[in-house]
Amino acid sequence: MNAIAQLKKDVTPDGPDYDTVRRVIELITEDYRDQPSLEAIADRLGQSPTQLQKTFTRWAGLSPKAFLQAVTLDHAKRLLREEDLPLLETSFEVGLSGPSRLHDLFVTHEAMSPGEWKAKGGGLVIRYGFHISPFGLALIMVTDRGLAGLAFSDSGDEKACLEDMTCRWPNAQYVEDLQATTPYAARIFEPSKWSSQQPLRVVLIGTDFQVRVWESLLKIPMGRAVTYSDIAKDIGQPTAMRAVGAAVGRNPVSFVVPCHRALGKNGDLTGYHWGLTRKRAMLGWEAGRA
DNA sequence: CACGGCAAAACGC
DNA sequence: GCGTTTTGCCGTG
């Protein structure tokens, strides 16, 4: 069975495994300071350690212990220090040829023109659909030019999630169209399908400032992280780190535009629009594959 | 004008 | 040395 099929089987949003994994992640991310043991975690969930270990590892690609380490402050700090591999200085194109990028998701992007942005999505047809993903339900939105939106929701919150996205481009026409979004879902969350030959096409719809911030995020390789001030510097406005934070927070293409790789200066994960737990989960997931 | 997915500086223990 | 609070930051709606 391939990995996606495996995921579909195991990580159904309402399935017991999904719930287990979700609770483990929550537990670990809340208590990571105490470094809880596998036994302690299993105990609190009322499961056997071995069973829990197996379920979790299959989902996350790494054991609960490794995940715990990945979520620790130390690890986040290490991600920041993990130069001299240049961080934002490396252009995305240069990265394409590097073997270290083998496991990264390749993306080409284009920005909407200011005029199109002012239209708030007017004249745009956006097709959307919900798909299961390692991080809960993923709401995928595409235009004929490529991926325009990616959001996350827990089972039952789909409506709020959809609304969160549609109000960003209120004049667009929305059509539920699983057929259009399924291919994206299959590729985005399956690293073996990431290829530089066929980059994922992304359209960035936002203000000029926001688009510059998001482009900067796209340059961060997988398994690495930068601070908000790094990004501010990269776009040539070193004192605008706070505005950068706000712009990062409005990133409409979560995960693909890796806003989860932006950390506070001391390595703290600050907030996250779709939940801090999910941010940690993404970093952990990447740590298992980097 | 207020509000952030911020960050130094300033406190207080 | 620490965790917490205060005080500039700067684009957006």
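Nothing here was measured: the structure is a model prediction, and the numbers come from that model. By convention in this document, chain letters (A, B, ...) are assigned in the order of the sequence lines, proteins followed by strands, and residues within each chain are numbered from 1.
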Go through the structure and list residues passing salt bridge (charged side-chain N to carboxylate O under 4.0 Å, His left out) with A:E158, not counting sequence neighbours.
-> none
Going by atom types alone, do A:E116 and A:S113 pair a side-chain donor with an acceptor below 3.5 Å?
-> yes
Residue pairs passing the salt bridge (Lys or Arg N to Asp or Glu O under 4.0 Å) test where at least one lies in residues 121-138 of chain A, sequence neighbours excluded | A:R127-A:D177
With A:Q173 via side chain to side chain contact (heavy atoms under 4.5 Å, CB included) - residues at least two apart | A:V125, A:V175
Where does the chain A footprint on DNA chain C start and end, counting 5' to 3' with a 4.0 Å heavy-atom cut-off?
-> C:dG8 to C:dT12
Describe the nucleic acid contact of A:F209 in one word from base, sugar-phosphate, nothing, applying a heavy-atom distance below 4.0 Å.
-> sugar-phosphate
How about A:T20 and A:Q47: does a side-chain donor come under 3.5 Å of a side-chain acceptor?
-> yes
Donor-acceptor pairs are to be reported for all side-chain atoms of residues 245-258 of chain A against protein atoms at under 3.5 Å, with residues two or more places apart or in another chain.
residue, atom, partner, partner atom, Å
A:N251, OD1, A:V253, N, 2.9
A:N251, ND2, A:V257, O, 3.0
A:S254, OG, A:Y272, OH, 2.6

Which ILVMFWY residues can you reach from A:M241 by hopping between side chains whose heavy atoms are under 4.5 Å apart?
-> none
Members of residues 237-254 of chain A that approach DNA chain C, where some heavy atom sits under 4.0 Å away = A:Q237, A:T239, A:A240, A:R242, A:A243
Contact boundaries on DNA chain B for chain A, cut-off under 4.0 Å to non-hydrogen atoms | B:dG4 to B:dA8
Mind checking the CZ-CG spacing from A:F67 to A:L283? Nearest 0.5 Å is all I need.
-> 8.5 Å
Mind checking salt bridge (charged side-chain N to carboxylate O under 4.0 Å, His left out) for A:D144 and listing every partner two or more places apart, or none if nothing turns up?
-> none
With ring centroids as reference points, do A:F135 and A:W285 lie under 6.0 angstrom apart?
-> yes
Stems in DNA chain B, runs of 3 or more consecutive Watson-Crick or G-U wobble pairs with both distances under 3.5 Å, sorted by first number, are B:1-4 with C:10-13, B:6-13 with C:1-8
Keeping to residues at least two apart or across chains, list the salt bridge (Lys or Arg N to Asp or Glu O under 4.0 Å) pairs with something in residues 195-216 of chain A.
-> A:D208-A:R212
When you measure from every atom of DNA chain B, which of residues 111-118 of chain A have a heavy atom less than 4.0 Å away?
-> none
